[in-house]
Amino acid sequence: MPPTRPENKYEIQLTTYNSKNMQLLDGKKTSEDIKNEIAAEVGAMKAKGEKVPHLAAIIVGNDGASLTYVGSKVKACERVGFESTLIKMPSTTSETELLKKIKQLNQDDNIDGFIVQLPLPEQIDTQKVIMAIDPSKDVDGFHPENFGKMALDMSTFIPATPFGILELLERYGVETKGKHTVVIGRSHIVGRPMSILMGRKGFPGNSTVTLTHSYTKNIAQITTQADIIITALGVPNYLKAEMVKDGAVVIDVGITRVEDKTLEKGYRITGDVDFEMVSKKTSHITPVPGGVGPMTIAMLLKNTLLAREQRRLR
Ligand code: GUN
């Protein structure tokens, strides 16, 4: 009698990664741990009669998602005991007006660090704005001086999203040395810095990095070779199971609002990864929401704490 179960099916079962071993990289919990650590440091600062960190955020215009992100950043400041200032400017704000506001924040001794939420309206040159921020207050790590220092392994502000991903990999003890990391997307905020950081000497790092983008050919051929995939594309459910090898680590940076009329708010947040299918193959994966997003906010707080400490020691 031939076996009822075909031979090759049995083989597939043997080689397919056991999803029960999959480890969720829980950004919500980890970011709470980090915020508790920061809150304890703020408590110690207060006890010593020291000034607490003060973060300011500028938002230009009324983009719903940007307003939500900035609101979460301000709320997180309150949560850890920081001071915060939210500066809302209308969408018609001129470049000159924004540059003037930045100059004020640069000169304000009470402010330790500040961010200008991106994207900006089209009448404003983003590069000019980033260049105008005092590098010692650039807690986003976007100024060329800070970005250059990061690329040269010098101590500086690391952009919050890449910093959050490094922190997750570190806290969960994910091995990166000698691994092939494939980054999808070359944005200045995530993909480009991430590709630099994963290739640096150290942990997390020491990876062999491939940075892919809109002109990359046969991307699935590259992603199926990856031990670690970091996707920052903003295309919902882009990364499918057949693009991922068994046992890979998948980090999903996508946070796109997708219309969902069944929900009261009318949308749901969707990542770049087809989580349901991809998670069956991975060793580690970040969920959306609750993965990289909350880590970004926690690391912005960490950079602000660092900015305060540097000002105190000046
Ligand atoms: N827009 C999307 N992500 C970010 C970020 O990390 N910082 C700023 N300033 N704007 C963003």
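None of the values given here were measured: they were computed from a predicted structure. Order of listing sets the numbers, starting from 1, for every ligand and every atom in it. The first residue in the sequence is number 1, and the count goes up from there.
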- Just wondering, are more than 12 heavy atoms of other shown residues or ligands nearer than 6.0 Å to NZ in Lys261? no
- Query: Just checking, is any N or O donor in the side chain of Asp274 or Asn237 under 3.5 Å from an acceptor N or O on the other one?
  - Reply: no
- Query: Taking NZ, NE, NH1 and NH2 as the nitrogens, is one of them in Glu242 or Lys240 under 4.0 Å from a carboxylate oxygen of the other?
  - Reply: no
- Not counting sequence neighbours, which residues clear side chain to side chain contact (heavy atoms under 4.5 Å, CB included) with Ala65? List them please. Asp63, Tyr69, Arg257
- Below 4.5 Å, heavy atoms only, C-beta onward: do Gln117 and Lys73 meet side chain to side chain? yes
- Under 4.5 Å between any side-chain heavy atoms of Leu239 and Asp272, yes or no? no
Go ahead and list the nitrogen or oxygen contacts between ligand 1 and the protein that come in under 3.5 Å, distances to 0.1 Å, or just say none.
from, atom 1, to, atom 2, distance (Å)
ligand 1, 1 (N), Gln117, NE2, 3.3
ligand 1, 1 (N), Leu118, O, 2.9
ligand 1, 7 (N), Asp140, OD1, 3.2
ligand 1, 7 (N), Asp140, OD2, 3.3
ligand 1, 9 (N), Val116, O, 2.8
ligand 1, 9 (N), Asp140, OD2, 2.6
ligand 1, 10 (N), Leu118, N, 3.0

